[in-house]
**Q** 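One structure follows; several queries about it will come next.
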Amino acid sequence: MVDATDLYQEIIMDHTKSPRNYEHLADADHEAQGDNPLCGDELTVYIKLDDGKVTDVTFEADGCAISTASASVMTEAVEGRDIDDVEELVETFKNLVTGEEDANAIDPAELGDLAALRNVQNFPTRVKCATLSWHTLQAALNGRDEPVTTE
Amino acid sequence: MSGSGSVVEPPPPGSSPLDVDEIRAEFPALDQQVHGRDLVYLDNAATAHKPNRVIDAVREHDRATNANVHRGVHALSQRATDAFEEARDTTRAFLGAEDPEEIIWTRGTTEAINLVADAWARRELGPDDEIVLTELEHHSNIVPWQRVREETGARLRVVPIDDDGAVEMDALEDAVGPDTALVTLAHVSNALGTVNDVHAATEIAHDADALALVDGAQAVPHMDVDVQDIGCDFYAFSGHKVYGPTGIGALYGRRELLEEMQPYQAGGEMIRQVTFEETTYACLPAKFEAGTPNITGAVGLGHALDFVTDHGRDSIRAHEDRVLSAATERLAAIDEVEILGTAEDKASVLSFVIEDVHPHDVGTVLDREGVAIRAGHHCTQPVMDKFGVAATCRASFAMYNTVEETEALADAVREAIEIFH
């Protein structure tokens, strides 16, 4: 039996209560907004790039514990990575929270704090909360002007 | 058991006017476990479960009757037509309407309101006309009128709600004037449970020679509704919230109005005679029912309404009020909980937020405890804006809920608080 506490693990709660990189980035190269109209989550991702690398990434959000924690974990995971590498990580993360087999085979040690979100796969109604920031990150990198929406 | 409209003695303190155990036994979906816990289903404002009577009627109709209505000369078609029209008359009686031809089948409340917007407002209104609605409305009683505004130039006036979530009736009176063509409002708020004084609203509308439309989606399952007593011109409701199937609902409209109105959709069933030069339209109610209707749904809805009538709407209301009071008391006793919607007259809905916990997270924790509630904006974003929240948790009750279940709700809420604080 998967309990609510398997979703709201200590790491998740820590990121929710003290989100990392939670600020407006005035000199961002890219930014994008995302929203989940079903629950009213709203979030903005800011990115600074240098020579194909993410040098700084921050976010601001008004949302649930899962979307906030996921965004916080994401900023830590992508900072310093090459853009190509980030795209790959986004796919890995989406596979992880939707329970795709390939992602489940990944060693948790490689995923760091991201691994804590693995249990989202047992809460299908919450997958959109977990992926909102990642879709928004992709939109920011791809320079899309339209806000991202989960619907 | 009392019939519809009968006077019911107030129950002795502590007892319910309904035999809830007996009622629960009629609803097979209630008897299950989710995540290893007994299901406590408190999402009835979204949709209610169906009693065996409805499930069986739908199955039996599909199994043994199934034929198109109003056109076959064979026995099955006649039986289907009889059952379909009997359901219409049941709906007429349920709403206190005079004439079954004043009952138009729709997919639900949304389509019923869109029908009025399309077949009446879009054709009759212009830039000098005003539509008065309230801040409490469901999106389905806002967006159709915004589209009418776009297409006709008619203006919208929004009547505010007070801090308890009640429509400010003085403001409604002020908003209605010579330019008002329509006053439209919910009978019961789906987000807060507020019961609106639709009698008074109708009177205010009629005093200004305007029409009155009542969105009854959240009222019909919980209280006696009499459209002639209310006096409204249109009344809309959905079958699935009153223990019937999804995809069926009805619009009541006053006969003179319906007769004057243009058809809604065009096609088969709604015509009298068709040539390529000219088509004449069928009489009521067929004029508004183009295409093969949801026959099975209508039959199921008829049985659902009979089921409610058999148990007595006054008894249902009295029982649900007990459950709502118990839930309100239990949640109000928890420090971190804030209840939104504290109007004097409320029905069936308890909206709340927990300090520093997003409603979506509350919903997930409650679900794992077997308690099904709704977390979100409930298709009422203006109400959320009014209270300065993005979403609320909403527990909503039906005739089969018990006072004991409100304890499960409160326990689950305390569990959520423990996880997040």
Side-chain angles (χ1 to χ4, degrees), chain A residues 1-19 22 33-44 59-73 97 116-133 147 149-151, chain B residues 33-38 43 46 138-139 142-143 191 336 340 351 353-394 408 411-421:
Chain A
M1 191 64 56
V2 181
D3 279 331
T5 44
D6 295 317
L7 178 63
Y8 300 107
Q9 296 174 22
E10 218 168 296
I11 300 172
I12 304 284
M13 296 309 292
D14 182 50
H15 277 277
T16 296
K17 287 178 176 168
S18 325
Y22 190 92
Q33 288 182 322
D35 71 71
N36 178 349
L38 280 184
C39 55
D41 284 353
E42 288 176 349
L43 148 161
T44 309
F59 78 107
E60 288 178 304
D62 182 5
C64 65
I66 299 303
S67 74
T68 304
S70 182
S72 172
V73 168
V97 294
L117 284 153
R118 180 174 262 163
N119 269 332
V120 171
Q121 64 184 254
N122 296 308
F123 296 78
T125 58
R126 306 306 300 278
V127 169
K128 285 176 179 175
C129 308
T131 54
L132 176 62
S133 56
T149 176
T150 57
E151 296 310 300
Chain B
Q33 293 207 321
V34 290
H35 310 305
R37 307 293 184 93
D38 286 340
D43 194 19
H138 189 280
H139 294 166
I142 299 173
V143 185
E336 294 84 351
L340 304 181
S351 226
V353 289
I354 300 177
E355 200 183 316
D356 297 331
V357 190
H358 193 282
H360 227 166
D361 295 313
V362 178
T364 293
V365 175
L366 265 56
D367 178 53
R368 293 288 146 161
E369 300 293 315
V371 180
I373 60 153
R374 173 87 183 267
H377 56 59
H378 320 298
C379 297
T380 57
Q381 282 175 332
V383 176
M384 300 298 109
D385 291 345
K386 157 81 184 170
F387 286 96
V389 295
T392 75
C393 310
R394 180 186 72 184
D411 286 346
V413 165
R414 276 190 288 269
E415 172 75 20
I417 292 166
E418 199 169 308
I419 290 175
F420 287 96
H421 282 81

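Chain letters run A, B, ... following the sequence lines, proteins first, then strands; residues in each count from 1. Because only heavy atoms are used, hydrogens play no part in the values below, and waters and symmetry mates are left out as well, while side chains stay in. Not measured: the values here are computed from a predicted model.
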**Q** Among the options A/Met13, A/Glu42, A/Arg126, A/Lys17, pick out the one with the most heavy-atom pairs lying under 4.5 Å from chain B.
**A** A/Arg126
**Q** Flag yes if more than 12 heavy atoms outside A/Glu10 fall under 6.0 Å of its CD atom; otherwise flag no.
**A** no
**Q** For a 4.5 angstrom cut-off between non-hydrogen side-chain atoms, does A/Ile12 reach A/Ile66?
**A** yes
**Q** Give the ring-plane orientation class for B/His377 versus B/His139, where under 30° counts as parallel, over 60° as perpendicular and anything between as tilted.
**A** tilted
**Q** Heavy-atom distance under 4.5 Å to chain B: side chain of A/Asp6, backbone, both or neither?
**A** neither
**Q** B/Asp367 and B/His35: side-chain donor and acceptor closer than 3.5 Å?
**A** yes
**Q** Taking every non-hydrogen pair under 4.5 Å, which of A/Thr16, A/Thr5, A/Val2, A/Asp41 racks up the most with chain B?
**A** A/Val2
